[in-house]
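Here is the structure we will look at, set down as structure tokens.
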Amino acid sequence: MTGNELAALSIADLQSLLRRREVSPREVIDALRERIEAVDPDIGAYLSLDIEAATKEAEHANVDLPLGGIPIAIKDIINVMGQPCTCASKILHGYRAPYDATVIQKLRAAGAIPFGKTNLDEFAMGSSTENSALKSTRNPWDLSRVPGGSSGGSAAAVAADEAFGALGSDTGGSIRQPAALCGVVGLKPTYGRVSRFGLVAFASSLDQVGPVTKTVRDAALIMNAISGHDLQDSTAVNEPVPDYNASVGNDLRGVRLGVPKEYMIEGIDPQVRAAIDAAVKQLSSLGAEIVEVSLPSTDYAVAVYYIIATAEASANLARFDGVRYGYRAENPKDVLDLYGRTREEGFGPEVKRRIILGTYVLSSGYYDAY
């Protein structure tokens, strides 16, 4: 099997080869490295790689664990100890994570190898990965197009066979939308199912970590590994984790799926509508009951999102002040000049826009108007 053929495998197929000892974790890392060197200069999915660290982990990988020996790409907004965590922002230049996020601890416990940090819209604010302060990521299917965002680096890496699977984060579509644009599987889990400890906060009541993969089965394998209660996250749900892989491949008899009538409106792109209709028909043929439902508050969804998300962003990003870590403006006149110039020089335009809007929303003199 060539390196490109190996890199193109799903997690489940790679798992079988590893457990039969037909390929080693070291060979997997080498194949991935070769693929990244060949295609990533054009795509720009990764912000950083530590091949040496991944190789050391591969040498000791237990391939009999649920994700044993499987490299998983990580969106560069999730802390991996000793690795950069830039959030694709100048303001975190030089910062290295001092600890593993809970999802990284869980991946390691399942035998996976956290591999490389992928590009994103700065602080996950955007839907094209063009708002990264470090580089743009291209869609592997057409380099003139965007991969979506904010988890565009993760989606592009998986679609281009530069990753077997990846973690992203979703606040208002940041896993689901790039997965759709890149033709891969993306899942935003129910809020609280996956710990947010170690995920750099954008909007705390909306942010959620989830998988980006080549197949639904692969998404289920990663969900099995990263789900569960976490005492370090007060919003984590203390409920048993089902085996998400148990039902993969079965029919959908007994499942009822709602199609919101407010989504099927005039102005929807004909190709998008045709794709949705084809998916609904396929789900129905597999035994699912399709029902029309109404979500009457849909018209307010974007406005409410921009109030909640920007208000929480304003509060969460207040910690980036040039004092404790990351970028610091040179030769400040005083502490206020340090704060002001650090944030002016360190944040990009989209982040500034959202901070300004969120601060306005939170201002006591104006919140009644909202």
Side-chain angles (χ1 to χ4, degrees), residues 1-40 45-46 49-74 80 100 103-118 140 154-168 179 182-187 194 210-228 241-251:
M1 181 177 291
T2 66
N4 278 347
E5 290 171 335
L6 188 56
L9 294 176
S10 68
I11 290 174
D13 289 339
L14 178 60
Q15 198 176 50
S16 297
L17 291 179
L18 286 166
R19 288 179 177 173
R20 294 198 303 267
R21 275 59 176 180
E22 294 179 20
V23 66
S24 71
R26 172 64 184 269
E27 291 172 307
V28 172
I29 296 294
D30 289 342
L32 212 51
R33 175 183 53 76
E34 290 173 9
R35 177 65 179 172
I36 291 167
E37 289 174 352
V39 303
D40 203 58
Y46 284 95
L49 291 165
D50 191 337
I51 301 296
E52 184 179 350
T55 301
K56 286 180 180 177
E57 290 194 49
E59 298 289 359
H60 302 95
N62 180 355
V63 298
D64 295 316
L65 290 171
L67 291 173
I70 306 289
I72 302 292
I74 310 297
V80 179
D100 277 338
V103 289
I104 301 301
Q105 294 175 10
K106 287 177 174 285
L107 282 179
R108 291 191 195 278
I113 302 170
F115 181 87
K117 305 300 291 291
T118 56
S154 290
V158 173
D161 295 334
E162 297 182 73
F164 297 99
L167 292 187
C182 291
V184 294
V185 176
L187 174 69
V194 177
V212 180
T213 57
K214 298 175 184 179
T215 68
V216 172
R217 186 178 297 279
D218 288 356
L221 288 169
I222 291 180
M223 280 297 296
N224 282 346
I226 65 175
S227 299
V241 177
D243 180 1
Y244 293 105
N245 220 24
S247 299
V248 175
N250 297 344
D251 61 38

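Side-chain atoms are counted along with the backbone in the values below, which use heavy atoms only and exclude waters and symmetry mates. Source: prediction; values computed, not measured.
For Arg21 and Asp64, the salt-bridge test passes: some basic side-chain N is under 4.0 Å from an acidic carboxylate O. Salt bridge annotation for Lys117-Asp50: absent, with no cationic side-chain nitrogen under 4.0 angstrom from a carboxylate oxygen.
Leu6 and Ala31 make their closest contact through CD2-CB, 3.6 Å (heavy atoms, listed as atom of the first residue, atom of the second, distance). For the pair Ala156 and Pro140, the tightest heavy-atom approach, listed with the atom from each and the gap, is O-CG, 3.4 Å. Closest approach of Val63 to Leu18, counting heavy atoms only: CG2-O, 3.7 Å. Of all the heavy atoms in Ala220 and Asn245, the pair that sits closest is CB-OD1, 3.5 Å. Across all non-hydrogen atoms, the minimal contact from Pro211 to Ile222 is CB-CG2, 3.8 Å. Closest approach of Ser10 and Thr215 over heavy atoms only: CB-CG2, 4.1 Å.
Using modelled atom types, one side-chain atom of Arg19 and one backbone atom of Leu65 make a donor-acceptor pair closer than 3.5 Å. Side-chain N or O atoms of Tyr46 include none that pairs as donor or acceptor with a backbone N or O of Ile36 at under 3.5 Å. One N or O on the side chain of Lys214 and one on the backbone of Leu9 form a donor-acceptor pair closer than 3.5 Å. The closest donor-acceptor contact from the side chain of Asp40 to the backbone of Ala45 lies under 3.5 Å. Using a distance-only test at 3.5 Å, with no hydrogens or angles considered, a donor-acceptor pair links the side chain of Gln15 to the main chain of Pro66. At least one donor-acceptor pair closer than 3.5 Å links the side chain of Gln105 to the backbone N or O of Asp100. Under a 3.5 Å cut-off, the side chain of Asn224 and the backbone N or O of Tyr244 do form a donor-acceptor pair. Side-chain N or O atoms of Asp218 include one that pairs as donor or acceptor with a backbone N or O of Ala12 at under 3.5 Å. A donor-acceptor pair is defined here as one N or O able to donate and one able to accept, closer than 3.5 Å; no such pair exists between the side chain of Thr213 and the backbone of Gly165.
Taking the side chain as every heavy atom from C-beta outward, Ile74 and Thr118 never approach each other to under 4.5 Å. No side-chain heavy atom of Pro71 sits under 4.5 Å from any side-chain heavy atom of Glu57.
Between atom CZ of residue Arg35 and atom OG1 of residue Thr2 there is a gap of 10.0 Å, rounded to the nearest 0.5 Å. Taking CD1 from Ile226 and CD1 from Ile104, the interatomic distance works out to 9.0 Å, rounded to the nearest 0.5 Å. From Lys56, atom NZ reaches atom CD1 of Ile29 across 13.5 Å, with rounding to the nearest 0.5 Å.
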>> What verdict does the side chain to side chain contact (heavy atoms under 4.5 Å, CB included) test give for Ile11 and Ile72, after you've listed the backbone C-alpha separation in whole Å, the side-chain angles of each residue and the deciding distance to 0.1 Å?
In response: CA-CA 10 Å; Ile11 290 174; Ile72 302 292; 4.0 Å; yes

>> Under the criterion side chain to side chain contact (heavy atoms under 4.5 Å, CB included), I'd like the reasoning laid out for Phe115 against Ile51: C-alpha separation, chi angles, the key distance, then a yes or no.
In response: CA-CA 8 Å; Phe115 181 87; Ile51 301 296; 3.7 Å; yes

>> What verdict does the side chain to side chain contact (heavy atoms under 4.5 Å, CB included) test give for Ile70 and Leu221, after you've listed the backbone C-alpha separation in whole Å, the side-chain angles of each residue and the deciding distance to 0.1 Å?
In response: CA-CA 11 Å; Ile70 306 289; Leu221 288 169; over 6 Å; no

> After noting the C-alpha distance and the side-chain angles of Val194 and Met223, does the key distance pass the side chain to side chain contact (heavy atoms under 4.5 Å, CB included) rule?
Replying inline: CA-CA 8 Å; Val194 177; Met223 280 297 296; 4.2 Å; yes

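Around the CD atom of Glu52, the shell of radius 6.0 Å holds no more than 12 heavy atoms that belong to other residues, nucleotides or ligands.
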